[in-house]
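Have a look at the structure below, then the notes.
What's counted below: heavy atoms across the whole structure, side chains too, no hydrogens, waters or symmetry copies. All values reported here derive from a predicted model rather than from experimental measurement. Lettering follows sequence order; numbering is per chain, from 1.
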Protein chains: 2
Amino acid sequence: MVQAQTLSRNQQIVLDIIEKAKGPLKAYSILFNVQKKGINAPQQIYRALDKLIEMGKIHKIESKNAFVACRSSDCEISKATAFSICESCEMVDEISDAKLSKYLSSFNHRKGMKFKRFNLEFFGLCKKCK
Amino acid sequence: MVQAQTLSRNQQIVLDIIEKAKGPLKAYSILFNVQKKGINAPQQIYRALDKLIEMGKIHKIESKNAFVACRSSDCEISKATAFSICESCEMVDEISDAKLSKYLSSFNHRKGMKFKRFNLEFFGLCKKCK
DNA sequence: CTCAAATATGTTATATTATAACAAACGTTA
DNA sequence: TAACGTTTGTTATAATATAACATATTTGAG
């Protein structure tokens, strides 16, 4: 079972870095950023990332193997995630839209699947880059 | 620019294997399967995969780093892809639904993005596994 | 409280996924 | 036929992720 609130030391360190970042961070770039804090091994990063994902504090952008902080409140521990990804500047924007969530959840049910979650990634050019 | 029809030797070999497979295949498992045909290096696989994706013949399942043959006709060279993924048996099913495509394409436009494509992955248990 | 269970940490090693860089062959088509 | 784009073959290495094991810390039931 997942804790509701308290983060362990390493989890907090990793989360802080991801939250401060402007864009998605890769596991090894997180690692390089925390070596001064006594974290030396990929395992320590990946374990923290796994827990943070379980808790819904961060999301993985699958197409980039990178991680962003959760900016939404209605993703319900990551059951329904959606992102806009700019192919030029690499910006990632979490899409928080209850209608979209509802539409996709029910869509999947109709297809005979016992639905657990979905992840949607949009690609294109953001306002600045287009 | 991408060719319309003709596949090169390696591209055809890789596509054949992916089309015959029951489920998604990983790059290195493809590699191991074609070493008898004289393909020895990951590069040769990845290059074929890249081209096949460009041509819309196969899709990458991002959450699994695996590849499936395209079973749809209306994904328009992979501009709009959607999959059901069973977390138990690993089955992947391509979802081909014009309404869904339309809904998601126009959704994204409203968010101020110059839309190029999307990829949607549903997770849960398939009929057999639930 | 207290000890057992669960969770988190540290560490070394290794597996898996993917790309860089370069040389040679092939196939158009102008 | 020469120039161009594409494909191939090859060696090396980069980037991403997990296995396995020992130890420490936290938490909660009795």
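- The residue A:R9 sits close only to the backbone: its heavy atoms come under 4.0 Å of sugar-phosphate atoms, none of a base.
- At a threshold of 4.0 angstrom between heavy atoms, the contacts of B:K64 with the nucleic acid are absent.
- Taking only side-chain nitrogens and oxygens, B:Y46 never comes nearer than 4.0 Å to OP1 or OP2 of C:dT19.
- The shortest distance between the side-chain N/O atoms of B:N65 and the OP1/OP2 oxygens of C:dA18 is below 4.0 Å.
- Rounded to 10 degrees, the angle separating the terminal helix axes of the helix from C:dC1-D:dG30 to C:dA30-D:dT1, each built from five base pairs, is 40°.
- Distances shorter than 4.0 Å separate some side-chain N or O of A:K51 from OP1 or OP2 on C:dA8.
- Between C:dT17 and B:K26, a contact under 4.0 Å exists linking OP1 or OP2 to a side-chain N or O.
- We find that CG of A:L49 is positioned 12 Å from P of C:dT9, with the value rounded to whole Å.
- Think of B:M91 as one node in a network of Ile, Leu, Val, Met, Phe, Trp and Tyr side chains linked at under 4.5 Å; it has no links at all.
- Of all the residues in residues 28-43 of chain B, B:N40, B:A41, B:Q43 reach under 4.0 Å from DNA chain D with at least one non-hydrogen atom.
- Distances from the side chain of A:A27 to the nucleotides C:dG10, D:dT8, D:dA17 place D:dA17 closest.
- Annotation: ring pair (Phe, Tyr, Trp, His ring centres under 6.0 Å) contacts involving residues 7-50 of chain A, sequence neighbours excluded, are absent.
- For the pair B:S8 and D:dT8, the criterion of a side-chain N or O lying under 4.0 Å from OP1 or OP2 is met.
- Considering only residues two or more places apart in sequence or on other chains, B:E19 meets the side-chain hydrogen bond (donor to acceptor under 3.5 Å, both in side chains) condition with none of them.
- Other residues sharing the hydrophobic cluster of A:F83, ordered by chain and number and joined by side-chain separations under 4.5 Å: A:I61, A:V68, A:I85, A:V92, A:F123.
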